[in-house]
Amino acid sequence: MSEKTEKILRFTVVPVLLVAIVAAIIFAFNGFESSESAEAAVLKQGSTGSVVRTVQTRLKSWGYYTGSVDGIYGSLTVAAVKYFQRVNGLQVDGIVGEKTAAAIGISLASSSSSGAGGYSSSDAYLLARLVYAEARGEPYVGQVAVAAVVLNRVKSSSFPNTISGVIYQPWAFSVVNDGQINLTPNQTAINAANDAMNGWDPTYGCLYYYNPATATNSWIKQKPIHLTIGQHVFCA
């Protein structure tokens, strides 16, 4: 083989080998990244981190969790998640997947995306579920009003300071107790939730609403009515 031929082979083979090595590294990295994403798709026993800590904090504030808020998904966290799932009509497996995460009001994505008004997409979806469950037969402005009441409570020192905390506050909404909160919202409910998060409040700051034809709570009926929208009356 001549010296010229050797040089041609050297300058041809080496780049090809480098390309093959780089391609192999990229393939391995993508495989690792996919595996890592699959792991992050759920929270289960053995998981750790800030999202686990958020789950523990919320379940503890609602009375489901009695352990330490340490960011470690141990047996007490599993038991608390199962308790929460059982009460809220979810699959009872002790794993925080997409539906349980939405019910708790968190996102399992590595970076939470912001929706209307700066709220997270999981908050927006949870609020839309509440609107659909509570007011799907109401006029559109009435659906926005229901969402606005939730947001007014978030801003009030008398209520939890998160959308999920307000919605899942014990006995705050009957649709949580009867499982209707888990229904899939339609686009109208989603739009109503977004409009409320963007600042539209047809209630002008009301913290309560009820249907006079079906309400059985005598305490709420004693509150002064500020306005009526559809079948709901709204109170401060």
Side-chain angles (χ1 to χ4, degrees), residues 37-113 115 119-136 146-147 149-151 153-156 158-185 189-190 193 197 207-208 217:
S37 297
E39 284 295 316
V42 299
L43 296 175
K44 56 187 177 180
Q45 188 157 11
S47 297
T48 58
S50 60
V51 183
V52 174
R53 191 175 295 109
T54 299
V55 170
Q56 292 172 330
T57 299
R58 295 191 177 185
L59 294 182
K60 194 178 185 76
S61 70
W62 299 330
Y64 294 98
Y65 179 60
T66 57
S68 301
V69 178
D70 54 10
I72 301 171
Y73 205 116
S75 58
L76 286 178
T77 306
V78 171
V81 170
K82 285 183 176 180
Y83 182 14
F84 176 81
Q85 290 170 328
R86 191 176 300 113
V87 170
N88 292 286
L90 300 163
Q91 180 181 347
V92 182
D93 56 11
I95 296 172
V96 178
E98 182 180 354
K99 289 185 178 179
T100 299
I104 294 174
I106 64 168
S107 171
L108 294 175
S110 55
S111 59
S112 59
S113 55
Y119 292 96
S120 71
S121 56
S122 59
D123 278 339
Y125 188 69
L126 177 58
L127 183 58
R129 284 167 46 201
L130 187 279
V131 169
Y132 184 73
E134 284 278 322
R136 57 186 178 273
V146 165
V149 165
V150 173
L151 299 180
R153 290 187 182 187
V154 171
K155 298 170 188 173
S156 170
S158 300
F159 295 89
N161 61 1
T162 63
I163 288 176
S164 59
V166 166
I167 291 176
Y168 286 105
Q169 187 174 25
W171 306 107
F173 297 96
S174 61
V175 295
V176 172
N177 301 324
D178 65 20
Q180 290 189 67
I181 188 66
N182 298 307
L183 296 174
T184 301
I190 292 171
M197 289 187 294
L207 296 171
Y208 304 93
N217 188 316

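Values in this document were obtained by computation on a predicted structure and should not be read as measured data. Numbers here are sequence positions counted from 1.
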Heavy atoms only: give me the nearest [X]-[Y] pair and the separation to one decimal.
X: Gln56; Y: Thr77; result: NE2-OG1, 3.1 Å
X: Tyr73; Y: Val52; result: N-CG1, 3.8 Å
X: Ile104; Y: Arg58; result: O-NH1, 3.1 Å
X: Val176; Y: Ile181; result: CA-CG2, 3.9 Å
X: Tyr119; Y: Ile163; result: CD2-CD1, 3.6 Å
X: Gln169; Y: Pro160; result: OE1-CD, 3.6 Å

Starting from the C-alpha separation in whole Å, work towards a yes-or-no answer on side chain to side chain contact (heavy atoms under 4.5 Å, CB included) for Leu183 and Arg129.
CA-CA 7 Å; Leu183 296 174; Arg129 284 167 46 201; over 6 Å; no
Between [atom1] of [X] and [atom2] of [Y], what distance do you get to the nearest 0.5 Å?
X: Lys99; Y: Asn182; atom1: NZ; atom2: CG; value: 8.0 Å
X: Leu207; Y: Lys155; atom1: CG; atom2: NZ; value: 10.5 Å
X: Ser47; Y: Ile72; atom1: OG; atom2: CD1; value: 11.5 Å
X: Ser68; Y: Lys60; atom1: OG; atom2: NZ; value: 6.5 Å
X: Asp70; Y: Arg53; atom1: CG; atom2: CZ; value: 8.0 Å

Using the rule given for side chain to side chain contact (heavy atoms under 4.5 Å, CB included), can you reason through Phe173 versus Val166, listing the C-alpha separation, both sets of side-chain angles and the distance that settles it, and then say yes or no?
CA-CA 9 Å; Phe173 297 96; Val166 166; 4.2 Å; yes
Spell out, as yes or no, whether a donor-acceptor pair under 3.5 Å connects the side chain of Lys44 to the backbone of Gly94.
no
Flag, side chain of Asn88 to backbone of Leu90, donor-acceptor distance under 3.5 Å:
no
So Tyr168 and Leu126, do their side chains get closer than 4.5 Å, heavy atoms only?
yes
Quick check: do Trp62 and Ser164 have side-chain heavy atoms less than 4.5 Å from each other?
yes
Could you pull out all residues at least two apart from Tyr125 that satisfy side-chain hydrogen bond (donor to acceptor under 3.5 Å, both in side chains)?
none
Could you list the residues that satisfy side-chain hydrogen bond (donor to acceptor under 3.5 Å, both in side chains) with Glu134, not counting sequence neighbours?
Tyr209
Under the side chain to side chain contact (heavy atoms under 4.5 Å, CB included) criterion, do Thr100 and Ile95 qualify, and how do the steps go?
CA-CA 8 Å; Thr100 299; Ile95 296 172; over 6 Å; no
Under the criterion side chain to side chain contact (heavy atoms under 4.5 Å, CB included), I'd like the reasoning laid out for Val55 against Tyr65: C-alpha separation, chi angles, the key distance, then a yes or no.
CA-CA 9 Å; Val55 170; Tyr65 179 60; over 6 Å; no
When you measure from the centre of the six-membered ring of Tyr132, is the NZ or CZ of Arg136 under 6.0 Å away and within 45° of the axis?
yes
